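Per chain, numbering begins at 1; letters A, B, ... match sequence-line order. What you see is a predicted model; the values in this text were computed from it and never measured.
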Protein chains: 2
Amino acid sequence: MNAEAMPFVPGLPISSVERETGLSKDTLRVWERRYGFPTPERDANGERLYAPTQVQRLTQIKRLMDRGYRPGKLLPLDDEALAALDEARPSVLVTRNVQQLDHWMHLVETHDSEALQRQFYREMAKRGLAGFVQDIVAPLITRVGEAWSRNELGIFEEHLFSQHLEKMFRTVLANMSPQQGSPRVLLTTLSGEEHTLGLLMVEALMVVEDVCPVLLGPQTPIDEIVRAAQLKQVDAVCLSFSSAYSPTLSAQGLRDLRQMLPADIELWAGGYGVKAIRKPIDGVCLMPEFQDLYDCLAKWQTEHGREPVSGGVTRLPETTK
Amino acid sequence: MNAEAMPFVPGLPISSVERETGLSKDTLRVWERRYGFPTPERDANGERLYAPTQVQRLTQIKRLMDRGYRPGKLLPLDDEALAALDEARPSVLVTRNVQQLDHWMHLVETHDSEALQRQFYREMAKRGLAGFVQDIVAPLITRVGEAWSRNELGIFEEHLFSQHLEKMFRTVLANMSPQQGSPRVLLTTLSGEEHTLGLLMVEALMVVEDVCPVLLGPQTPIDEIVRAAQLKQVDAVCLSFSSAYSPTLSAQGLRDLRQMLPADIELWAGGYGVKAIRKPIDGVCLMPEFQDLYDCLAKWQTEHGREPVSGGVTRLPETTK
DNA sequence: TCAACATTTTGTCCAAGACAAACATGAACG
DNA sequence: CGTTCATGTTTGTCTTGGACAAAATGTTGA
């Protein structure tokens, strides 16, 4: 079989590679210049065409970078060395109920949709919503993210898992009326951060605390966040950041927003992504941990002299050893 | 009050403007060169800083471009001329039940969440799921999008509206078991297309047709779409494109995917966004209208010799004049 | 009225250089 | 021994100006 008879795979243009890998065109070009990788072909017009195998390697490198490795170390490596890094277990994760989570992970790996859905509801009934979210859902999301970064799980499994969680949260939330309570809190993310699960978790926790969440969905531009906050007369705006969101952009966005938001509306930032923000930002409350959310709520209630309805903000249940 | 005492608004860097307006850095720079707008200041390092008023104008221009105007006409205009264009009603929209839709639009404009949610369910019970989706939901989404492009509605209202729809669809779908039926169809969107509503509409329509949809959620890279299609053994992959997604990127992405997907798995593309694709793409079924989805399903079923369970694929109910 | 061709418009791509913020490294100090 | 501070390196993003192809528009002819 000669070359012309082969399935025609000329390679992907740089815009497709940007879409697939999440690496900006600028980065792709500067890597080529500095490290000599990737090495795309050129089409008749002199524009880059990336071979599929190189695109695959680029996504692998991106994964490892999200895990903390730096480009300078990764790009000179060959295939075997990269694969070896995938194996390495960095996990500083202090998981509690490890074996139970292992069981859940197995369900995710095998795409056992039905069992997953069924056991979600059972576990929620058992632990209560807050405990379920803190002890099961949040650690599970972290583990799924880690398994993905270790290449044990594909995006496909991760998406399927997210869909089931979203379905569950929305079903549960549909049956609760979140129309009164205080404080009123606007829930959304900045443009570019598309993860919705964090928002749903926070909404669930707030509803049982008699807080009134206003769910806007992800990706609201800052000037619209300001308008929404005023129109809906909220007491605070709560943004969620996943670990995928660049810390630089998070900090920049929070500063941009704080600049435009009226001073009497508080600004809270939660999620795994805020752990990466080192310096505190004036007028912004960073909540890297779940407990910080409860602390924020308690602080607001004492400052505004409202007697919490149900005898004070719930402390999270002590985690079982 | 002197200048120093003013709230310090130096302007936004080009990356923030890209995030807020959706215009690429390249486009922003080339507009400046060609049309003399925008005219950003420079910081100490010679980097662009865009004044908030210019950013506002840029988003307005982007809106009008989505409506069909071209940059060459828009950029030389001044504020009044732009505002005048907002007023103009281009609507080629052949709406049927106009006054009913007007009523719904009013609910969206006034953020009347409760009424919206209640009347959704009432109308669905009245018309049935398929009719409800075709006659109410789809036209409403179009009108909300148009109202937004005419600056009568903010992103905030649009997000709130989307959240209510999503809540409704997920509640309804949660109570139906989509685990068998044929064909099996994978539902997702390409990276960069984040609109989920199209997928949910299609899922709803498919469930009542005894098709088995596999909802993957938005933004799946093409190689993962291929893997998912094989693992879940689907008969077809159905992608959704909103009108916001660039037609160039849609076509490019469909070609990329068709190249990698096994030939025996069909590739369908639906949504408002595919109307903008002029040239047909080899091996891809374009479905700009709802009816096309039914035609695709019917075609599949006759080709595969399966007797449709419920006496053939439903024709959409005739629309009441 | 519609099809084919010519022309303008417009977004994206390229090159190579520059710089600041993030990160790592090592020294000095409590 | 751990912490703070000052260096040095890495790395992503920004810059300019030129180029080109695909899309949209205008023009001609059947």
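Residues forming a salt bridge (Lys or Arg N to Asp or Glu O under 4.0 Å) with Lys73(B) (at least two apart in sequence, or on another chain): none. In this view, Tyr50(B) satisfies the ring-ring contact (aromatic ring centres under 6.0 Å, His included) rule with no residue, not counting sequence neighbours. Among residues two or more places apart in sequence or in another chain, the side-chain contact (heavy atoms from CB on, under 4.5 Å) test is passed with Glu194(A) by Gln219(A), Gln219(B). Thr220(B) meets the side chain to side chain donor-acceptor pair (under 3.5 Å) test with His159(A), Thr188(B); sequence neighbours excluded. Applying the salt bridge (Lys or Arg N to Asp or Glu O under 4.0 Å) criterion to Arg227(A), with sequence neighbours excluded, gives Glu224(A), Glu157(B). Every residue two or more places apart in sequence or in another chain that forms a side-chain contact (heavy atoms from CB on, under 4.5 Å) with Lys25(B) is listed here: Ile14(B), Ser15(B), Glu18(B), Arg29(B). Here Glu158(B) pairs with nothing under the salt bridge (Lys or Arg N to Asp or Glu O under 4.0 Å) rule; sequence neighbours left out. Remark: Glu20(B) engages no residue in a side chain to side chain donor-acceptor pair (under 3.5 Å) (not counting sequence neighbours). Take Glu41(A) and apply the side chain to side chain donor-acceptor pair (under 3.5 Å) test, not counting sequence neighbours, and it matches no residue.
Between Arg255(B) and Asp282(B) there is no salt bridge, since no side-chain nitrogen of the basic residue lies less than 4.0 Å from a carboxylate oxygen of the acidic one.
Of all nucleotides in DNA chain C having an atom under 4.0 Å from a heavy atom of chain B, the first and last in 5' to 3' order are dT9(C) to dA20(C).
Direction of the helix axis in the helix from dT1(C)-dA30(D) to dG30(C)-dC1(D) shifts by 40° between the two five-pair termini, rounded to 10°.
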(message) At under 4.0 Å between heavy atoms, how does the protein contact nucleotides 9-15 of chain D? Give one character per nucleotide, 5' to 3', with B, S or -.
(response) -SBBBBB
